[in-house]
2 protein chains.
Amino acid sequence: MIAPTEGELSILRVLWEAGPLTVREVNDRLNRRLLKQRSAAEPPEKPIGYTTTLKLMQVMADKGLVHRDTSARSHVYTAAAGRERTQQGLLRRFVDSTFGGSRTQLVLRALGEGNPTSAELAEIKDLIKQLEKEDRHA
Amino acid sequence: MIAPTEGELSILRVLWEAGPLTVREVNDRLNRRLLKQRSAAEPPEKPIGYTTTLKLMQVMADKGLVHRDTSARSHVYTAAAGRERTQQGLLRRFVDSTFGGSRTQLVLRALGEGNPTSAELAEIKDLIKQLEKEDRHA
DNA sequence: AAATATATACGAAAGCTTTCGTAATTGCAA
DNA sequence: TTGCAATTACGAAAGCTTTCGTATATATTT
């Protein structure tokens with residue numbers, strides 16, 4: 001599976017969240033998101049043009065990142081790969097390029113500087129317990 | 001601090017590992033690394049041209065990613081920011097774009113699918129303990 | 001000294017992602 | 001039907017990173 005670019009990823013996020021959508025719907029959601037993000041002080045982000053989103057999604061269809069149903073006039077697009085699988089692929093690439101392939105280094109860095117809440121820590125501890133169980137059985 | 005690109009990051013990795021170096025030395029190490037990576041079956045990766053590395057490092061100097069000492073004929077380059085700080089910045093950006101800003105999601109994904117060894121898990125558990133202590137005091 | 005090797009500087013090409021303008025098509029409304 | 005709105009298709013421009021050729025300067029070797 002080909003890795004999505006930054007812009008493609010923002011479209012995939014919308015599709016994962018809201019299911020199969022038309023270009024118009026995706027573009028609307030992307031721009032609504034921009035509006036929400038904008039606070040008074042920040043520079044007013046320019047909305048994404050409709051044909052920009054269209055073109056991007058056409059390219060994604062060519063790459064196989066999305067499937068599209070062309071039976072209706074407004075084509076309906078679906079993410080080709082699930083969120084988990086895509087995150088997994090991007091994570092691998094990121095760990096390789098930035099942490100020399102060491103997932104542990106990544107985790108330590110992520111936990112070390114971010115003030116994780118006790119709830120988050122608890123969730124991670126639970127997962128570690130599970131993993132240790134599996135390890136014992138293996 | 002500006003985020004380094006993929007190619008720039010590979011140069012920073014060399015500088016972090018080996019300290020201040022000339023363009024020639026960086027280029028040699030990049031290509032030696034390529035040679036090591038290459039196994040018999042893989043397509044023979046093309047070595048990186050000297051002027052390519054030179055130009056990239058000049059651009060990095062312009063961006064402020066490296067400092068350079070031009071007192072000698074062969075300029076000597078140094079990484080401007082430390083490895084930890086740079087990793088931290090890249091991590092933040094990655095968590096935002098790929099995990100919607102949730103470090104916890106990233107950690108869970110990183111631990112979940114990678115068969116971490118018990119030594120790795122122990123290291124992470126230690127860190128969690130420390131963090132919980134700090135949390136109590138805060 | 002002359003020839004050779006090595007360095008930097010610099011512009012431009014190549015390759016990629018994103019943005020945009022415009023034409024052609026289709027559906028809908030007056 | 002005619003006109004208007006919305007959609008796709010498509011090429012090209014803009015912007016960025018990477019690669020490369022070449023000119024120029026500086027050292028080294030013969």
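Every chain is numbered from 1, with letters handed out A, B, ... down the list of sequences. Bear in mind the structure is a predicted one, so any value in this text is a computation, not a measurement.
When side chains are defined from C-beta on, A:Val59 counts as touching A:Glu8, because their heavy atoms get closer than 4.5 Å. Residues B:Arg24 and B:Asp28 form a side-chain contact, since some pair of their non-hydrogen atoms from C-beta on lies under 4.5 Å apart.
Protein atom CZ of B:Arg73 is 17 Å distant from nucleotide atom P of D:dT24, rounded to whole Å. Between A:Leu30 atom CG and C:dT18 atom C1' the separation is 13 Å, expressed in whole Å. As rounded to whole Å, 17 Å separates atom P of D:dC10 from atom CE of A:Met57. Taking atom CD of B:Glu8 as the reference point, atom C1' of D:dT19 lies 14 Å away to the nearest angstrom. Here C:dT18 presents its P atom at 10 Å from CG of A:Leu9, a figure rounded to the nearest Å. Nucleotide D:dT17 holds its C1' atom 14 Å from the CG atom of B:Asp62, rounded to whole Å. The CD atom of A:Glu6 sits 11 Å away from the P atom of C:dT19 (whole-angstrom rounding). Distance B:His75 NE2 to D:dA27 C1': 13 Å, rounded to the nearest Å.
A side-chain contact (heavy atoms from CB on, under 4.5 Å) with B:Met57 is found for one member of B:Asp62, B:Leu65, B:Leu21, B:Ile11 and no other, namely B:Ile11.
Within the structure, every side-chain polar atom (N or O) of A:Lys55 is placed at least 4.0 Å from both OP1 and OP2 of D:dA14. The shortest distance between the side-chain N/O atoms of A:Arg68 and the OP1/OP2 oxygens of D:dA9 is below 4.0 Å. Note on A:Lys63: a side-chain N or O is less than 4.0 Å away from OP1 or OP2 of C:dT17. In terms of phosphate contacts, B:Tyr50 brings a side-chain nitrogen or oxygen within less than 4.0 Å of OP1 or OP2 of C:dT8. Phosphate contact (OP1/OP2 of C:dA7, side-chain N/O of B:Thr22, threshold under 4.0 Å): absent. Neither OP1 nor OP2 of C:dT6 sits under 4.0 Å from any side-chain N or O of B:Ser74.
Counting any heavy atom pair closer than 4.0 Å across all strands shown, B:Gln58 reaches a base atom. Across all strands, A:Leu56 comes closer than 4.0 Å only to sugar-phosphate atoms, never to a base (heavy-atom distances).
For A:Thr51, whose side chain is taken as the heavy atoms from C-beta onward, the closest listed nucleotide among D:dC20, D:dT18, C:dC20 is C:dC20. Closest contact between the side chain of B:Thr5 and the listed nucleotides D:dT18, C:dT8, D:dC20 involves D:dT18.
A donor and an acceptor atom never sit less than 3.5 Å apart when one is taken from the side chain of A:Arg24 and the other from the base of D:dA6.
Checking side-chain atoms of A:Arg29 against main-chain N and O of A:Leu15 turns up no donor-acceptor pair under 3.5 Å.
By the neighbour-count criterion of 12 heavy atoms within 6.0 Å, atom CD of A:Glu84 is densely surrounded, having more than that number from other residues, nucleotides or ligands.
Both A:Thr52 and B:Tyr77 sit near DNA chain C, but only B:Tyr77 has its closest nucleotide nearer the 5' end.
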